[in-house]
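As the structure lists them, so they are numbered: ligands from 1, and atoms in each ligand from 1. Heavy-atom basis, side chains included; hydrogens, waters and symmetry copies ignored.
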Amino acid sequence: MKYQSIDSSLFIDNRQKFSNHLKANSMALFMSNDILPTNADGSMGFRQNSDLFYLSGIDQEDTILVLFPDVKDGRHKEILFVKETSELIAIWEGAKLDKAQTKHVSGVDMVYWFHEFEKIMKPFFSQAERIYLNRNEHTRRSIETETAQDRFNASVMAKYPLHKYERSAPIMHKIRAIKSTREIELIQQACDITEKGFRRLLKFIKPGVWEYEIEAELIHEFIRNRSQGFAYGPIVASGKNACVLHYVENNRQCKDGDIILLDVAAEYANYASDLTRSVPVNGKYTKRQKEVYNAVLRMHRAATKLLVPGMTFEKYNKQVGEMMTEELLQLGLLKKEDVKNQNPDWPAYKKYYMHGTSHFMGLDVHDVGFFTEPIQAGMVFTVEPGIYIPEEGLGIRIENNFMVTTTGQLDLMKNIPIEAEEIEDLMASRK
Ligand code: GLY
Ligand code: MN
Ligand code: MN
């Protein structure tokens with residue numbers, strides 16, 4: 001791992017939070033992600049299952065976490081199974097955590113090898129009345145493959161068909177949505193690395209550079225700061241490409257006079273950040289570009305103020321929609337009649353602003369959390385309004401990450417230039 005080690009107290013606390021929600025005499029099982037294959041003998045970079053990481057800090061494949069707070073033999077309240085290592089295995093496969101290291105990282109005392117799972121676990125399955133299994137229940141998941149977790153769940157349920165089964169996902173969504181101080185520090189580190197990347201770009205972007213050259217500058221800056229890389233597929237979209245919301249080709253040359261939309265951010269220690277800035281390729285916004293930019297910036301600030309404890313997403317989205325409608329009227333993009341005759345299910349503003357304003361963020365960029373429940377202090381959200389005008393070859397979005405506090409919002413990206421003039425000044429000082 002490139003990140004600095006994390007104190008095990010984070011994972012110990014997280015396990016306690018989870019266990020507090022278990023019914024009596026229950027055992028919960030969590031499985032790591034697979035190393036995903038590509039072709040021939042190739043594979044993708046490893047990405048741990050976010051729930052397993054949250055509860056254990058173990059960042060490698062073939063890991064199982066068992067939580068059984070009411071177990072009769074008190075030593076086995078928490079168990080980790082990890083991939084067997086030895087000096088010989090280390091030579092061939094690279095070092096994996098040994099038992100002492102596993103204990104140090106996670107704070108779990110009982111550590112066994114992965115292949116011992118069935119043998120060790122037999123008595124505990126006999127004792128447990130309920131088994132909690134985990135699953136990806138993100139509302140926007142789209143999974144065509146069978147995950148390691150699915151395979152594991154199927155094999156447990158086949159071997160122990162008469163237990164009562166429960167879902168861990170609703171508990172995980174609830175507890176992961178409220179970030180601890182240590183988690184906020186990790187997200188802040190991701191945001192700070194993103195800031196370095198963005199500042200580097202302000203010195204690099206000029207007419208003639210290619211979108212992929214910008215992507216390359218960022219990955220260089222991210223990795224040299226201990227990030228594994230982008231927190232999500234980077235969007236480097238100049239001119240009309242900015243109106244393609246999920247543009248990821250990043251293969252166009254940036255032209256004098258264009259705005260380039262940069263939705264690019266680093267991960268750190270598996271925690272995401274999520275930034276968008278829209279900057280002028282030649283270093284100076286035109287009058288029209290600045291007009292639209294400032295409308296989006298006003299929206300960004302007004303929406304942020306609404307993120308307070310007790311606010312519902314229904315109310316938030318409605319108020320943001322109303323403010324956006326006003327801005328689009330001012331910009332001459334909507335007419336009063338458009339608004340008067342609008343379809344309430346698809347209001348007129350959606351023509352120029354068709355995506356959501358905020359999502360949970362944490363270990364996953366679109367993190368887990370319940371949009372159906374009121375906002376609470378400790379939640380982390382993006383705020384990312386945009387205005388997309390394909391007929392003008394112009395798309396502008398501004399996105400920062402905020403933690404909701406009891407008194408307002410903590411801007412985790414407050415040091416990243418956001419005012420049009422500040423961006424222009426920094427670009428003017430480039431060579
Ligand atoms: N970059 C993905 C998003 O802003 O949600
Ligand atoms: Mn984004
Ligand atoms: Mn976002």
Q. Which protein N, O or S atoms lie under 2.8 Å from the Mn ion (ligand 2)?
A. Asp263 OD1, Asp263 OD2, Asp274 OD1, Glu399 OE1
Q | Whether His300 and Phe402 hold their rings parallel, tilted or perpendicular, with breakpoints at 30° and 60° | A | tilted
Q) Within less than 4.0 angstrom of ligand 1, does Arg397 place any heavy atom? A) no
Q) Does the ring centre of Phe222 sit less than 6.0 Å away from the ring centre of Tyr268? A) no
Q. Has His366 got an N/O/S atom less than 2.8 Å from the Mn ion (ligand 3)?
A. no
Q. Should Glu337 and Lys340 count as an ion pair when the cut-off is N to O under 4.0 Å?
A. no
Q | Residues Arg301 and Asp411 bridged, charged N to O under 4.0 Å | A | no
Q.
If you apply the rule salt bridge (charged side-chain N to carboxylate O under 4.0 Å, His left out), what do you find for Glu195 with Lys414, and how did you get there?
A. CA-CA 10 Å; Glu195 178 187 351; Lys414 63 176 184 304; over 6 Å; no
Q: Please report the closest heavy-atom contact between Val156 and Tyr165, naming both atoms and the distance.
A: O-OH, 3.5 Å
Q) Once the angle between the rings of Tyr285 and Tyr293 is folded into 0 to 90°, is it parallel (under 30°), tilted (30 to 60°) or perpendicular (over 60°)? A) tilted
N/O donor to acceptor pairs below 3.5 angstrom from side-chain atoms of residues 228-243, sequence neighbours left out:
residue: Tyr232; atom: OH; partner: Asp263; partner atom: OD1; Å: 2.5
residue: Tyr232; atom: OH; partner: Val264; partner atom: N; Å: 3.2
residue: Tyr232; atom: OH; partner: Asp274; partner atom: OD1; Å: 2.9
residue: Tyr232; atom: OH; partner: Leu275; partner atom: O; Å: 3.4
residue: Ser238; atom: OG; partner: Glu211; partner atom: OE2; Å: 2.7
residue: Ser238; atom: OG; partner: Arg252; partner atom: NH1; Å: 2.7
residue: Asn241; atom: ND2; partner: Glu211; partner atom: OE2; Å: 3.2
residue: Asn241; atom: ND2; partner: Tyr247; partner atom: OH; Å: 3.0

Q. Quick one: nearest non-hydrogen protein atom to atom 4 (O) of ligand 1, plus distance?
A. Glu384 OE1, 3.0 Å
(Q) Please list, in number order, the atoms of ligand 1 under 4.0 Å from a heavy atom of Glu399. (A) 4 (O)
Q | His366: numbered ligand 1 atoms lying under 4.0 Å from its heavy atoms | A | 2 (C), 3 (C), 5 (O)
(Q) Does any part of the side chain of Asp367, heavy atoms only, come nearer than 4.5 Å to the side chain of Val380, both counted from C-beta? (A) no
Q) Among the heavy atoms of Asp274, does any lie under 4.0 Å from an atom of ligand 1? A) yes
